[in-house]
Amino acid sequence: MMQKRGILTLARASRLLQSRPTSTPHHNHDDNHILQQQSTNDEIHLASPLTAVELASYCHAIATYGEEKLNLNAFSHLLSWGDVYKQAKESQERINQNRPLSPLDGLPISIKANIAVEGLPLTAQSDILRQEVEKMQEDIRSNADTNTCIGGMGSPCGYDSIVAQRLLRKCGAVLIGLTTMDEFGMGSLGTNLGRRNSKRFTVNPLSFPSIFHHKQKELNMHKQSSSKNSHNLIDEYWKERIRCISNDPTILHQEQEEYYLQHHPSSSISLLSTGGSSSGSAASICHGSSLASIGTDTGGSVRLPAAWCGLVGMKPTYGAISRHGVVSYASSLDTVGVLANSVSCATMVLNHLVNRKDKDKNTTPCVGDSTAIYFPSGMNFDCSNTSFPPFSSTTTKSSTNDQIHTAAPQTQLKGITIGIPAAFCLDECPSNIQKAWLQAAQTLTDHGATIQIVDTNHLSSDTIQRCLPAYYVLACAEASSNLARYDGLRYGPHHDNDMDDNNHDNLESTSDKMTPLEKQYSKYRAQYFGKETIRRILCGTAVLSSDQFHTHYEAAARVRAQLCLQMQKCFKDTNSHNDNSSSNTNTNEGFVDMFLVPTALFGPPILAQKPNTPGNMNDDAKVGDTTSSDAMNSHKIDATQAFANDVMTIPPSLGGLPSISIPMRTSSTHDGRDGLDDIHHGIVKDNYNHSVFGLQLFGPKLSENILAHAAVFWREILD
């Protein structure tokens with residue numbers, strides 16, 4: 001069972017920002033450090049609502065600490081405090097006037113580096129787009145103060161993506177920074193950070209002992225002992241903690257040192273992978289530097305990092321969120337997704353991102369995105385209120401989230417049929433994940449859901465096994481086409497004489513038949529593309545060649561079509577309750593509402609080992625840099641082995657289906673440890689830590705609403 005972590009959630013922060021106190025809070029006199037007896041003036045200060053500036057300062061301090069001290073490599077571009085302050089101040093002015101743009105107004109978020117934000121670099125973590133940005137940064141450092149953002153001196157990106165428009169401009173969210181990723185989304189470990197950063201990787205924050213987990217244990221005890229004031233107690237805890245960190249960020253360093261001395265005086269740190277490609281997005285939420293993050297999911301790039309970092313990851317139906325302004329990897333698979341600390345937090349964000357029909361159903365298509373699909377204007381995904389009526393696949397729009405229903409535990413999921421596909425039961429799945437899978441099915445049954453085993457006659461195991469190679473054939477083929485635009489003439493740097501001599505020599509021996517223009521293309525792309533990107537481009541070019549197109553590409557397309565047809569026949573028709581009859585062409589009589597399967601067959605791999613000493617952890621260590629002299633026992637993972645990380649997430653991606661990954665946890669120890677501290681003493685086998693993983697629910701297209709509601713109940717049961 002995954003215990004609640006001491007991380008501030010989006011839903012709680014929204015309540016703290018936009019609520020007004022009704023009475024002076026009561027403090028428990030036994031609380032340590034922060035929850036101590038306060039003077040009358042202190043209590044009045046605590047009772048006052050949190051401000052957006054205080055919250056932004058708190059998150060920015062954590063982000064800075066993570067990048068400068070822990071070297072998490074979570075951010076590709078961390079905004080200066082001056083730029084963050086400007087956004088937060090504008091949000092607070094709206095809140096003071098009781099005119100917030102949305103429940104997200106003033107809440108700190110992060111966005112993946114392949115999504116366009118006006119005034120910020122759009123690099124997709126690739127050196128082929130980064131060079132001009134770095135030259136601009138040098139000019140800024142020499143001609144401006146250190147508190148100036150790069151976008152203030154001239155932007156390499158002159159427009160907002162639809163995602164940025166909706167979250168930052170229309171909803172008022174505060175952007176902390178752009179997060180790191182595997183180059184162009186190609187990778188599942190957070191290790192392909194571009195050619196220049198080939199020795200660096202994004203570090204999973206669960207690798208470190210954290211004071212948050214220790215504090216949350218105390219709060220859970222207080223919550224159990226005072227039912228009436230428990231929520232007020234925790235709210236006031238977070239208000240004071242946010243204000244303390246905002247005023248003195250060095251507290252983070254002191255807390256880490258105290259926790260290290262008390263709990264881990266001699267052990268080394270296993271640096272875990274975050275998963276990819278949305279590695280920085282997951283790391284930023286897990287560490288607490290942002291309350292929600294926007295990533296992209298091609299074959300599992302949102303759900304896998306969420307599972308390995310103990311988060312919730314939501315991949316909506318393909319096309320449900322506009323891809324306008326998103327750097328393309330594989331256009332028929334790329335989907336914008338959301339990572340957050342809870343299902344309710346993820347649905348808060350999703351509610352403001354999805355494409356919607358106008359009330360008169362005369363919808364204007366999303367600019368620049370011909371693949372966009374639309375939900376009804378009245379469809380609400382927000383699960384912040386977790387009291388819902390029983391629901392089924394025939395639920396209509398009259399059953400809304402506003403209805404309060406206190407159902408008995410055994411009927412909370414009544415009417416839902418959840419499928420367990422036999423084709424996903426692979427021999428490679430570790431026993432602890434299999435056990436958690438079965439326990440989850442039993443728990444859902446105990447709360448009213450019906451579990452249906454889906455045999456291989458309905459969903460073929462042969463088809464599922466072919467999904468992984470089919471995905472990489474299709475994705476690499478599309479990447480080969482999409483990345484052809486990066487030729488050195490239209491995008492990125494223009495360096496005629498700044499080519500790597502080794503690459504130049506290697507190309508000379510094979511370029512006798514090349515034209516001068518082809519030689520220029522080859523030199524440029526070999527210089528600035530990373531190794532994994534080059535590998536996938538070459539793979540895609542090969543499968544699109546005349547002698548392999550029919551045997552590889554067309555065969556992969558047939559596997560995809562077979563998979564979609566088989567899954568469509570399994571699913572009940574759930575589109576009717578979305579009031580989307582114009583697109584409701586599914587007339588088959590399926591037998592399940594959704595599937596329940598593991599998010600990954602393994603826990604996060606160990607990428608390196610670091611000595612766990614105060615100096616190495618906080619002062620001089622380059623944690624996410626394997627070139628550091630302090631790093632030891634760096635572990636290399638074979639590239640083809642890394643491909644298998646997506647084997648469980650690829651089928652929903654090929655079908656364009658919505659999916660939600662829910663964090664799970666097991667531990668081999670039972671000695672009273674609480675929270676995520678167990679990660680250092682958990683199940684380690686073959687260089688993988690199997691103590692933290694995820695299970696995912698996925699259903700038919702446009703079934704986000706029913707998936708979210710089922711996931712909320714399931715998450716509450718786990719907590």
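In this text, all values refer to a predicted model and were calculated from it rather than measured experimentally.
Proximity of Ile294 to Val349: side-chain heavy atoms (C-beta onward) are separated by under 4.5 Å at one or more points. Using a 4.5 Å heavy-atom cutoff, the side chains of Ile285 and Asn341 are in contact. Counting heavy atoms from C-beta on, the side chains of Leu178 and Thr123 never come closer than 4.5 Å. Counting heavy atoms from C-beta on, the side chains of Trp308 and Thr599 never come closer than 4.5 Å. With contacts defined as side-chain heavy-atom distances shorter than 4.5 Å, the pair Asp182/Leu189 does not qualify. With contacts defined as side-chain heavy-atom distances shorter than 4.5 Å, the pair Cys345/Val312 does not qualify. Within the 4.5 Å cutoff, the side chain of Tyr65 has heavy atoms near those of the His253 side chain. Looking only at side-chain heavy atoms (C-beta outward), Val343 and Trp714 stay at 4.5 Å or farther from each other.
If you take CG on Asp646 and SG on Cys467, they are separated by 12.0 Å, rounding to the nearest 0.5 Å. Here the straight-line distance linking atom CE of Met181 with atom OH of Tyr329 works out to 10.5 Å at 0.5 Å rounding. A distance of 7.5 Å separates OG of Ser691 from CG of Asn432, quoted to the nearest 0.5 Å. Interatomic distance, Ile176 CD1 to Ile111 CD1, rounded to the nearest 0.5 Å: 11.0 Å. Taking CE of Met648 as the start and CD1 of Ile464 as the end, the distance is 9.0 Å to the nearest 0.5 Å. Here the CG-CG distance, from Leu474 to Leu654, works out to 6.5 Å after rounding to the nearest 0.5 Å.
Ring geometry for Phe184 versus Tyr486: interplanar angle of 30 to 60°, hence tilted.
Contact record, Arg525 with Leu483: NH1-O, 3.0 Å, taken as the closest heavy-atom pair. Between Thr347 and Ala708, the shortest heavy-atom distance links the atoms CG2-CB, 3.7 Å. Taking both residues in full, the closest heavy atoms of Phe75 and Ala63 are given as CE1-CB, 3.7 Å, listed atom of the first, atom of the second, then distance. The heavy-atom pair separating Ala282 from Pro305 by the smallest distance is CB-CB, 3.6 Å. Closest non-hydrogen pair, Ala283 versus Thr202, comes out as CB-CG2, 3.9 Å. Shortest non-hydrogen contact noted between Asn192 and Met186 is ND2-O, 3.0 Å.
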For Ser270 and Gln609: C-alpha separation, side-chain torsions, deciding distance, then whether side-chain contact (heavy atoms from CB on, under 4.5 Å) applies. CA-CA 5 Å; Ser270 296; Gln609 296 281 350; 3.1 Å; yes
I would like to know whether Met664 and Trp437 meet side-chain contact (heavy atoms from CB on, under 4.5 Å); could you show each step before the answer? CA-CA 10 Å; Met664 302 291 290; Trp437 190 4; over 6 Å; no
Apply side-chain contact (heavy atoms from CB on, under 4.5 Å) to residues Ile420 and Leu596 and explain how you reach the verdict. CA-CA 6 Å; Ile420 305 293; Leu596 171 66; 3.9 Å; yes
Please report the C-alpha distance between Val692 and Asn204 in whole Å, then the side-chain angles of each, then the deciding distance to 0.1 Å, and finally whether the side-chain contact (heavy atoms from CB on, under 4.5 Å) criterion is met. CA-CA 12 Å; Val692 58; Asn204 192 328; 5.7 Å; no
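Ser342 and Thr9 are not linked by any side-chain donor-acceptor pair at a separation below 3.5 angstrom, with hydrogens and angles left out of the test. A side-chain donor from one of Ser332 and Arg560 sits under 3.5 Å from a side-chain acceptor of the other. For the residue pair Glu704 / Thr317, a side-chain donor-acceptor distance below 3.5 Å is found, with atom types taken as modelled. Side-chain contact annotation: Ser328 with Asp334, donor-acceptor N/O pair under 3.5 Å absent. Remark: the Ser110 side chain and the Ser284 side chain contain an N/O donor-acceptor pair separated by less than 3.5 Å.
Gln125 pairs in a side chain to side chain contact (heavy atoms under 4.5 Å, CB included) with only one of the listed residues (Val327, Thr179, Asn114, Asn197), which is Asn197. Of the listed residues (Ser281, Cys309, Ser293), just one forms a side chain to side chain contact (heavy atoms under 4.5 Å, CB included) with Cys286, and that residue is Cys309. The side chain to side chain contact (heavy atoms under 4.5 Å, CB included) with Gln696 is formed by just one residue from the set Ile662, Thr649, Ile660; it is Thr649. Among Arg303, Lys112, Lys315, the single residue meeting the salt bridge (Lys or Arg N to Asp or Glu O under 4.0 Å) criterion with Asp297 is Arg303.
Judged by distance alone, the side chain of Gln548 and the main-chain N or O of Tyr553 form no donor-acceptor pair under 3.5 Å. Using modelled atom types, no side-chain atom of Asp127 and backbone atom of Gly194 make a donor-acceptor pair closer than 3.5 Å. Side-chain atoms of His60 come within 3.5 Å of backbone atoms of Leu79 as a donor-acceptor pair (strictly under, hydrogens ignored). Under a 3.5 Å cut-off, the side chain of Ser301 and the backbone N or O of Ser278 do not form any donor-acceptor pair. Ser659 places no side-chain N or O within donor-acceptor distance of the main-chain N or O of Phe698, the cut-off being under 3.5 Å. Side chain of Arg536 to backbone of Tyr472: no donor-acceptor contact under 3.5 angstrom is found.
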